[in-house]
Peer 1: 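Structure in structure tokens, see below.
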Amino acid sequence: MTVLVNPTALSDHKARDFKMLIDGRWQAGASDLIERVAPSHGVVVSRFPTGSKNDAERAIAAARKAFDLGPWPRMTASERSAILLKAADLIAARAEELAFLDAIEAGKPITQVRGEIAGSVDIWRYAAALARDLHGESYNTLGDGTLGVVLREAIGVVSIITPWNFPFLIVGQKLPFALAAGCTTVVKPSELTSGSTLMLGEILQQAGIPDGVVNIVTGTGPEVGAVMTSHPDVDMVSFTGSTGVGKLTMSNAAQTLKKVSLELGGKNPQIVFPDADLDAFVDAAVFGAYFNAGECCNAGSRLILHKSIASDVVKRIAELSKAVKVGDPLDPSTQVGAIITPQHLEKISGYVAGARSGGARLAHGGETLDLGMGQFMSPTILEEVTPDMAVAREEVFGPVLSVLTFETSAEAIRIANSIDYGLSAGVWSRDFDTCLTIGRSVRAGTVWMNTFMDGASELPFGGYKQSGLGRELGRHAVEDYTETKTLNMHIGKRTSWWMPQTEKLA
């Protein structure tokens with residue numbers, strides 16, 4: 001592990017003050033500002049309004065009016081597509097500014113965030129293409145007297161709630177598809193990392209989004225999020241975050257039977273067979289465990305290794321882990337940045353301590369790092385982990401890798417499926433029959449074969465079990481934000497009478 005320290009990088013940074021976007025106007029909150037302290041440097045870098053219940057209600061009212069009376073749902077698909085494409089171009093033009101904000105607010109390595117912004121641009125362009133591909137169906141096979149038409153209509157007002165770990169990327173997995181369908185929206189970013197989403201509001205205004213179509217309210221879940229998930233004028237909720245808060249979101253939405261899309265936690269296994277390309281796997285294991293400091297629902301935090309190779313593979317992963325660069329997120333060579341809050345760092349450390357007290361052995365790392373700035377965690381490997389341990393079953397959300405072993409394919413599948421999550425998984429073998437057998441047996445929304453955490457805008461993303469409901473991305477993503485309406489049309493004179501008909505007088 002290489003430690004990169006540049007504690008003066010933000011010493012001359014002036015904290016930026018943001019406002020909320022409601023009905024096309026930038027507004028300050030009525031109460032105190034939320035001050036975001038950079039997790040990497042310990043200085044205030046942003047200030048956001050503390051949104052209130054009233055702010056959320058005003059934003060929902062603006063979105064409702066914009067949907068019921070405004071131009072956005074009534075535009076042609078090509079008109080909406082053109083605005084989304086312009087937004088994508090403007091995001092690309094401000095990519096460095098957006099990346100800097102996410103890096104300092106979330107503690108993410110700047111090089112990584114640049115890649116996320118580029119990925120977001122691609123998603124916005126993909127959503128713009130899907131806007132013009134959205135269509136209904138017609139049925140002229142129902143007999144001479146019937147024509148059936150199925151319409152796809154925008155579902156209405158959508159509440160979008162996003163987490164702190166991928167502030168700009170995840171709003172990009174939701175908002176452009178809702179807009180492509182013709183919906184209006186209220187967006188609540190995490191109160192820890194709201195800057196880039198608020199900047200997106202500026203970009204969308206510049207691109208030509210009408211007032212009220214995108215509203216952005218900052219603040220906490222209990223104050224703002226609770227209103228957005230329960231208000232009767234909201235038609236759908238799209239939420240990404242922890243499984244616990246996802247359950248609360250679903251409960252709130254149930255009061256008015258809203259449609260709910262949830263992308264939640266993961267405890268993702270990588271199953272490795274003796275015939276795998278171990279050089280490729282070891283690199284992917286380090287990437288999958290430590291990418292975004294492990295603060296990633298897709299993290300490959302559970303290695304399930306065949307017993308015959310486990311000892312050697314762990315040694316190789318530990319050796320490669322020594323070369324991982326931890327430190328200042330603004331250093332382009334940094335690979336692992338800061339942990340989001342001191343409280344979360346303490347939680348991660350607690351999982352490691354609990355596993356060790358339960359019999360797991362520390363193969364690498366395990367300690368917090370004092371770099372003279374912010375809060376950091378060393379890349380950590382725990383071996384001799386058993387499937388019943390909390391570190392093997394619960395989402396640690398930190399750079400902690402748990403190693404388990406198996407002897408048969410059936411045992412590997414059983415271990416992989418033994419937990420409550422089912423977001424993603426990986427399988428490594430040169431035998432493609434083995435890969436396909438595992439891929440079809442593991443209950444997860446994505447299974448990578450001889451790779452890990454690859455993605456594309458065209459591929460759906462979402463989970464099984466308590467990893468969520470619904471899918472994001474892919475060619476059906478826009479359809480998630482629609483309702484279907486059947487038009488059943490009778491042609492000509494009525495031919496099927498319920499009541500007997502008397503002969504008509506000449």
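All figures in this text were calculated on a predicted structure; none of them were measured in a lab.
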Peer 1: What pair of heavy atoms forms the shortest contact from S429 to T434, and how long is it?
Peer 2: OG-CB, 3.8 Å
Peer 1: So which heavy atom on S441 is nearest to which on I413, and how close?
Peer 2: CB-CD1, 3.6 Å
Peer 1: In plain terms, say whether E483 and R152 are close enough for a salt bridge, that is, a side-chain N and a carboxylate O under 4.0 Å apart.
Peer 2: no
Peer 1: Can you tell me how far the OG1 atom of T408 sits from the CD atom of E411, to the nearest 0.5 Å?
Peer 2: 5.0 Å
Peer 1: Ignoring hydrogens, what is the shortest heavy-atom contact between A363 and V314? Give both atom names and the distance.
Peer 2: CB-CG1, 3.8 Å
Peer 1: Test T405 against I304 for side chain to side chain contact (heavy atoms under 4.5 Å, CB included), laying out the working first.
Peer 2: CA-CA 5 Å; T405 60; I304 304 176; over 6 Å; no
Peer 1: How long is the straight-line distance from CD of E384 back to CG of L404, given to the nearest 0.5 Å?
Peer 2: 11.0 Å
Peer 1: Using a strict 4.0 Å threshold on nitrogen-to-oxygen distance, state whether R94 and E202 make a salt bridge.
Peer 2: yes
Peer 1: Are any side-chain N or O atoms of R302 and backbone N or O atoms of A416, one a donor and one an acceptor, separated by less than 3.5 Å?
Peer 2: yes
Peer 1: For a side chain to side chain contact (heavy atoms under 4.5 Å, CB included) with T243, tell me which candidate from L248, L262, L264, D420 qualifies.
Peer 2: L264
Peer 1: In sequence, state the C-alpha distance, the side-chain angles, and the governing distance for I317 and V313, and then conclude on side chain to side chain contact (heavy atoms under 4.5 Å, CB included).
Peer 2: CA-CA 6 Å; I317 294 172; V313 168; 3.7 Å; yes
Peer 1: Any ion pair linking R36 and E105 (charged N to carboxylate O, less than 4.0 Å)?
Peer 2: no
Peer 1: Whether the S230 and N252 side chains hold a donor-acceptor pair (N or O, under 3.5 Å, no angle test) is what I'd like checked.
Peer 2: no
Peer 1: Is it true that K267 and E395 make a salt bridge, defined as a side-chain N closer than 4.0 Å to a carboxylate O?
Peer 2: no
Peer 1: State the CG-NZ distance between L169 and K174, to the nearest 0.5 angstrom.
Peer 2: 11.0 Å
Peer 1: Can you name the closest pair of heavy atoms from T380 and L362 and give their distance?
Peer 2: CG2-CD1, 3.7 Å
Peer 1: Regarding T386 and D388, do their side chains bring together a donor and an acceptor under 3.5 Å, going by distance alone?
Peer 2: yes
Peer 1: Just by distance, with hydrogens left out, do Y290 and Q335 show a side-chain donor and acceptor under 3.5 Å apart?
Peer 2: no
Peer 1: As an exercise, state the distance from CH2 of W448 to CH2 of W428, rounded to the nearest 0.5 Å.
Peer 2: 11.5 Å
Peer 1: Taking the six-membered ring for Trp and the single ring otherwise, decide whether the centroids of F397 and W164 are under 6.0 Å apart.
Peer 2: yes
Peer 1: Test T256 against K258 for side-chain hydrogen bond (donor to acceptor under 3.5 Å, both in side chains), laying out the working first.
Peer 2: CA-CA 6 Å; T256 50; K258 305 180 193 310; 2.9 Å; yes
Peer 1: So, is the end of the K108 side chain (NZ or CZ) under 6.0 Å from the ring centre of F166 and within 45° of the ring's axis?
Peer 2: yes
Peer 1: Which atom names give the shortest non-hydrogen contact between V396 and H344, and what distance separates them?
Peer 2: O-CE1, 3.8 Å
Peer 1: With distance as the sole criterion, is a donor-acceptor pair present between the side chains of S457 and D122 under 3.5 Å?
Peer 2: yes
Peer 1: Could you tell me if the side chain of V234 sits less than 4.5 Å from the side chain of V186, heavy atoms only?
Peer 2: no
Peer 1: Which heavy atom of Y481 sits nearest a heavy atom of S238, and at what distance?
Peer 2: OH-OG, 3.5 Å
Peer 1: Are the side chains of I110 and T334 in touch, meaning some heavy atoms are under 4.5 Å apart?
Peer 2: no
Peer 1: Please tell me if the side chains of F281 and F452 come closer than 4.5 Å, counting only heavy atoms from C-beta onward.
Peer 2: no
Peer 1: Rounded to the nearest 0.5 Å, how far does CD of Q255 lie from OG1 of T229?
Peer 2: 10.0 Å
Peer 1: Any carboxylate oxygen within less than 4.0 angstrom of a Lys/Arg side-chain nitrogen, looking at R125 and D89?
Peer 2: yes
Peer 1: Mind checking the OG1-CD1 spacing from T193 to I170? Nearest 0.5 Å is all I need.
Peer 2: 9.5 Å
Peer 1: Less than 4.5 Å apart, any side-chain heavy atom of I117 and any of F168?
Peer 2: yes
